[in-house]
Amino acid sequence: MADKPSIPKGTRDFNPLEMARRNFIFDTIRKIFKTYGYLPIETPAMENLSSLMGKYGEEGDKLLFKILNSGDFKAKLDAETLHETPAGRLGVLIAEKGLRYDLTVPFARFVVQHRNDIAFPFKRYQIQPVWRADRPQRGRYREFYQCDVDVIGSHSLLNEFELMQIMDEVFTALGLKVVIKLNNRKVLAGIVEVIGEPDRMIDITVAIDKLDKIGMEKVLAELDQKGLSKQSVEKLKPVLEMEGTTSTKLTFLSGYLNQSEIGMEGLMEVDKLFGFLKDHPVDAAVEFDLTLARGLNYYTGTIFEVKSDEVQIGSICGGGRYDNLTGIFGLEGVSGVGVSFGADRIYDVLLQLERFPQEREMDTQLLFVNFGENEANYILSILRRLRSGGIASELYPDPVKMKKQMAYANNRKIPFVALVGEQEMQDGVITLKEMETGNQERLTPAELVERLSNNIS
RNA sequence: GUGGAUGUAGCUCAGCUGGUUAGAGUACUGGAUUGUGGUUCCAGAUGUCGCCGGUUCGAACCCGGUCAUCCACCCCA
């Protein structure tokens, strides 16, 4: 056999069953976005590389898919640059476009570019694929869909709360038990300020994150190795040892952070969100989680992450507040907040839990057996009536053996088969067979339409 | 980017410390049943055993390389 065709690593085909299931997820999410007043936009698959580079940290830049310039992409390069430039850097010299890495940065670009046509606060949703040159793994793809909702142009914490309600409503509608984790960058900034290491936020949050994996001693050793002073580590220790419920944690931190203005501000925000929750509870569990740092470096306030309570897979939804994302595109002082649902991981979770609803509304309801040219021609006008009545129906294209046509209906799980042969044509009726029971009845075309319309509703 | 595992029929997998013609289930095709599917029975087709090389009288099996896939770390949706 010749080499089988294949698709690039980390990408997938979707068959009709998978599409029905994916659309169930997209439809559920879209419907909820709309009821909260968000409007749809789309942006191109590719952006100028300059819009993408530097927005996701050093790691992110490496994971960008770059698109080779068309035409003679090395025309402007002299031999020396071509040789001397390290491979990693050569990319930007021969590629000026790249595939989008997420939907938030293109959205920021969109807002800046169309600022005069947008009424702020602008609430939009966007459901499109994104691409990352990551190494594929369980729950990690190189092409996957994000479903983003963002509000831009408002500082109000009501937006954060609204997003929490949306997250809750979506996962409830999908029938999934989840935990919404909540943190605030300002609280993290406050902690590093208090211990006197304001520039070491990343090292410290990574250390906090590893706490339950490798234990206190190893975390302390690692911090020491990273060059944190003993004094700072000592000061950090109470935070690492912090335990208990959200409210005891918040009480502890309000004492701990009281010398840090930014820390207290963050704490107040977290407190306010939990206040909203108290008055308007949601189904999902909501946890204050200091270990949540999130890699995307544009977040400045609240950070969200949603994890499945039932299946172990990375986060299935995440997001946060970014105060100055549009600043990098030249529009200062516009604050935004948003979250992104990972449709592909949600799919994996639903699949594993077998929670997909058994839905087959739009599938073919009725198949006409093809007995030959005359019969087929006669059936075409009946089909037209059925279809204009909203009944999905089809005629088997070839006049092959009946057994084969029945087997086709069976495989497609088409619930009804109609037989119209010479006999029926003469009598002006249709023999309708219900596949599941095997029952057959003779109906006029009008009765047929009525019978099947009732069956659908 | 670092580490580990696995590649045999369309799919899921057997294949004995290396032995001659590589199997099962399922799916597929035809028939039992020429206007009736899902069950049953009968028959049939299907493989460079991922690829390249080495060891051997002999390799799906052992060794080396390579590619692909999966898993963990990292990062995240």
Side-chain angles (χ1 to χ4, degrees), chain A residues 1-4 6-12 15 25 29 56-63 88 100-104 127-148 167 178 202 205-206 209-210 213-214 292-297 299 303-308 312-320 338-349 367-372 375 396 399-425 430-440 442:
Chain A
M1 201 194 295
D3 278 349
K4 278 185 216 161
S6 63
I7 53 175
K9 190 191 289 200
T11 64
R12 295 152 300 156
N15 65 31
I25 296 172
I29 290 175
Y56 309 105
E58 220 172 294
E59 283 294 310
D61 282 355
K62 280 190 212 154
L63 299 180
R100 69 165 103 79
Y101 180 89
D102 71 357
L103 300 178
T104 308
I127 299 177
Q128 289 192 274
V130 303
W131 294 269
R132 296 183 187 178
D134 227 335
R135 193 148 159 180
Q137 219 177 98
R138 174 185 159 80
R140 188 156 88 182
Y141 307 102
R142 289 185 146 188
E143 178 184 60
F144 61 96
Y145 271 74
Q146 291 195 326
C147 312
D148 271 37
M167 289 189 270
V178 297
I202 292 171
T205 51
V206 166
D209 185 33
K210 282 187 181 168
K213 282 183 197 160
I214 63 174
L292 229 191
R294 302 200 53 80
L296 298 179
N297 52 13
Y299 292 120
I303 310 170
F304 296 114
E305 190 165 293
V306 179
K307 290 202 132 189
S308 165
Q312 212 174 12
I313 195 163
S315 54
I316 53 180
C317 178
V339 295
S340 176
F341 292 81
D344 301 80
R345 284 187 180 171
I346 292 172
Y347 179 96
D348 291 342
V349 171
L367 174 79
F368 281 88
V369 172
N370 189 332
F371 286 106
E375 290 88 342
Y396 196 90
V400 295
K401 277 185 190 159
M402 197 153 161
K403 179 180 167 137
K404 194 162 181 179
Q405 302 193 40
M406 295 299 283
Y408 170 80
N410 210 44
N411 283 335
R412 285 274 312 268
K413 298 192 172 89
I414 297 172
F416 294 96
V417 169
L419 303 159
V420 184
E422 262 177 56
Q423 195 71 52
E424 283 88 352
M425 277 169 73
I430 288 133
T431 299
L432 180 72
K433 179 185 170 93
E434 190 177 353
M435 290 298 274
E436 201 179 321
T437 58
N439 291 342
Q440 289 187 203
R442 282 158 68 89

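In the text below, chain A, chain B and the rest are named by the order of the sequence lines, each starting its count at 1.
A side-chain donor from one of A/Thr431 and A/Glu424 sits under 3.5 Å from a side-chain acceptor of the other.
Between the side chain of A/Asn410 and the base of B/G37, at least one donor-acceptor pair of N or O atoms lies under 3.5 Å. Residue side chain A/Arg140 reaches the base of B/C74 through a donor-acceptor N/O pair under 3.5 Å, judged by distance alone. Not a single donor-acceptor contact under 3.5 angstrom links the side-chain atoms of A/Arg138 to the base of B/C70. Contact annotation: side chain of A/Gln405 to base of B/U36, donor-acceptor pair absent below 3.5 Å. Checked by distance alone, A/Glu424 brings a side-chain donor or acceptor within 3.5 Å of a matching partner on the base of B/G35. For A/Lys403 against B/U36, no side-chain N or O and base N or O form a donor-acceptor pair under 3.5 Å.
Remark: A/Arg12 engages A/Asp344 in a salt bridge, criterion side-chain N to carboxylate O under 4.0 Å.
Checking B/C71, B/A77, B/G37 against the side-chain heavy atoms of A/Gln137 singles out B/C71 as nearest.
Residue A/Lys401 has a polar side-chain atom (N or O) positioned under 4.0 Å from OP1 or OP2 of B/G31.
Stacking here means ring centres nearer than 5.5 Å and ring planes tilted less than 30 degrees, and by that measure A/Phe371 does not stack onto B/G35.
For B/G3, the paired base is B/C71 (Watson-Crick or G-U wobble, both distances below 3.5 Å).
The main-chain N or O of A/Ile313 is never found under 3.5 Å from a side-chain atom of A/Arg138 such that the two would form a donor-acceptor pair.
Using cut-offs of 30° and 60° on the angle between ring planes, the pair A/Tyr408 and A/Tyr396 is perpendicular.
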